[in-house]
Amino acid sequence: MKDISISEDVIYIGVDDKTIDLFESQYVVPNGISYNSYLIKDEKNVVLDTVDRRATEEWIKNLDNNLDGKEVDYLIVSHMEPDHAYNIGLLCNKYPNMKVVGNDKTFNFIKQFFDIEDLDSRKVVVKEGDILNFGKHSLQFFMAPMVHWPEVMVSYEIKEKILFPADGFGKFGTLDTKEDWTCEARRYYFNIVGKYGIQVQALLKKLLGLEIKMICPLHGPILKENLGYYINKYDIWSSYKPEDDGVFVACSSIHGNTLEVAKEMVKILEEKGAKKVAFADLTRDDFAEAIEDAFRYDKLILAASSYNGNVFPPMEHFLNHLKSKNYQKRKIGIIENGTWAPSAGKAMKNIIDGMKEIDLCDNMVTIKSRMNEDSKKEMEKLADEILNK
Ligand code: FEO
């Protein structure tokens, strides 16, 4: 059973999507995703965000079932990405007297996505700190640029102390999924918002002065208890600090020999007492989870085959992706493999050089085709160095 209760006047009208293959056409979501949308019933009826095109029909039903035959007076547009904004045009047509609330950037984007002829007479432009009153309920707006698009704004309902943080505090998985929040929220955060840590930090600072009793994000469960736990996770993630003491071993192997090396490295690290060792085969395992684990732990070991005078592409893609997400403040060890002219190590170093505050281990391991006793000794040295033995 999903818990979608908020209060008498604030109603969840979002939709669970259990059949989507890839969220944003790139993320596997074994437990689907929710497109959250909310209705505040008051003297004026207010909808906070629409839903993805995949959920239109069910969302409209949810809205109609809760309006008691009344009209929608205001639509708040927190974020223009189509998983939330797709139905703005439809709602404007359905309720011709409805006002649309956004900031300057929101309306630039609305004009790009939709032709709403009378938009100029319907728009309500809000700025940082503005408050709109709807009867007993009022929303205060805070701009949150790049969390996750430039027009994003969050709102705070003053009477019930509810924060509507747009994509912030979102999570993969439908609302009826029984699973730990942190794992899928972390995978969501680093892959979707991870590049914008500075902007998330700025938003967290703005929210410091608010008393928040509930968090109603645009994806994932409504958060009602232990809010300090979630806010603390966001503080750690957005400041790029490692969350856990552990080593993540990421491997990119063509024929399996480098994979054997990486698995041996996992064994060596465990035998030497590493607190936690996580592993991913970048050629087959979920890429988004590998990105998540790289950020989660304080140490990273990369094991990759050489390829075309470079590094085998799954590793190149992984490192470039980490760099694009501002990966930093980690200790990294390198294992390369090559049969005639190993090139993977240099290629990996070149990408890592562009990252901030990386402590690169001196002991780089070079495997020639397959692991032997000498290479195991080198791997032991690298393990000692990365574990500070
Ligand atoms: Fe859930 Fe950035 O959209």
Side-chain angles (χ1 to χ4, degrees), residues 4 12-38 47-56 58-59 62 75-91 101-103 105-110 112-114 141-155 163-175 177 181 184-200 202-204 215-223 230 234 237-238 288 291-292 321 324-326:
I4 55 166
Y12 179 85
I13 54 167
V15 177
D16 274 347
D17 183 351
K18 291 167 186 275
T19 57
I20 190 167
D21 57 345
L22 290 173
F23 178 62
E24 291 188 358
S25 298
Q26 58 176 325
Y27 303 114
V28 293
V29 280
N31 294 318
I33 187 95
S34 69
Y35 314 111
N36 297 349
S37 168
Y38 303 92
V47 168
L48 288 110
D49 297 287
T50 77
V51 294
D52 191 269
R53 67 170 79 203
R54 298 171 51 82
T56 305
E58 192 178 334
W59 172 70
N62 291 347
L75 169 65
I76 313 293
V77 182
S78 309
H79 184 15
M80 277 303 297
E81 195 163 12
D83 53 332
H84 311 292
Y86 180 79
N87 286 293
I88 290 175
L90 179 149
L91 210 66
V101 180
N103 54 66
K105 288 184 195 128
T106 318
F107 289 104
N108 288 341
F109 292 178
I110 290 184
Q112 289 172 200
F113 279 104
F114 301 96
F141 298 92
F142 300 93
M143 302 303 123
M146 302 321 295
V147 187
H148 137 238
W149 277 18
E151 85 300 354
V152 171
M153 60 184 198
V154 309
S155 52
L163 177 70
F164 296 95
D167 273 340
F169 301 96
K171 175 187 160 292
F172 295 127
T174 55
L175 297 199
T177 305
W181 180 86
E184 282 295 72
R186 187 195 296 109
R187 190 168 72 99
Y188 176 91
Y189 175 82
F190 281 113
N191 284 280
I192 292 179
V193 194
K195 179 179 170 63
Y196 302 110
I198 290 171
Q199 291 84 350
V200 174
L203 176 61
L204 290 177
I215 298 177
C216 292
L218 287 178
H219 301 286
I222 296 156
L223 305 173
Y230 305 105
Y234 257 62
W237 298 342
S238 58
I291 295 292
E292 176 202 345
H321 210 72
S324 78
K325 303 272 179 203
N326 284 327

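Note that ligands are numbered from 1 as they come in the structure, with each ligand's atoms numbered from 1 the same way. Just so you know, these numbers use all the heavy atoms, side chains as well, and skip hydrogens, waters and symmetry mates.
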Candidate list F169, Y230, Y189, test ring-ring contact (aromatic ring centres under 6.0 Å, His included), partner W181, passing option: Y230

Any residue meeting side chain to side chain contact (heavy atoms under 4.5 Å, CB included) with F114, in chain and number order, not counting sequence neighbours: M80, I88, I110, I116

Check: N36 side chain, G14 main-chain N or O, donor-acceptor pair, under 3.5 Å: no

Residues which pass ring-ring contact (aromatic ring centres under 6.0 Å, His included) with H148, listed by chain and number, not counting sequence neighbours: H79

For Y35, all residues meeting ring-ring contact (aromatic ring centres under 6.0 Å, His included), sequence neighbours excluded: none

Under 2.8 Å from atom 1 (Fe) of ligand 1, the protein N, O or S atoms, given as residue and atom: D83 OD2, H84 NE2, D167 OD1, H219 NE2

OH/Y86: more than 12 non-hydrogen atoms of other groups inside 6.0 Å: no

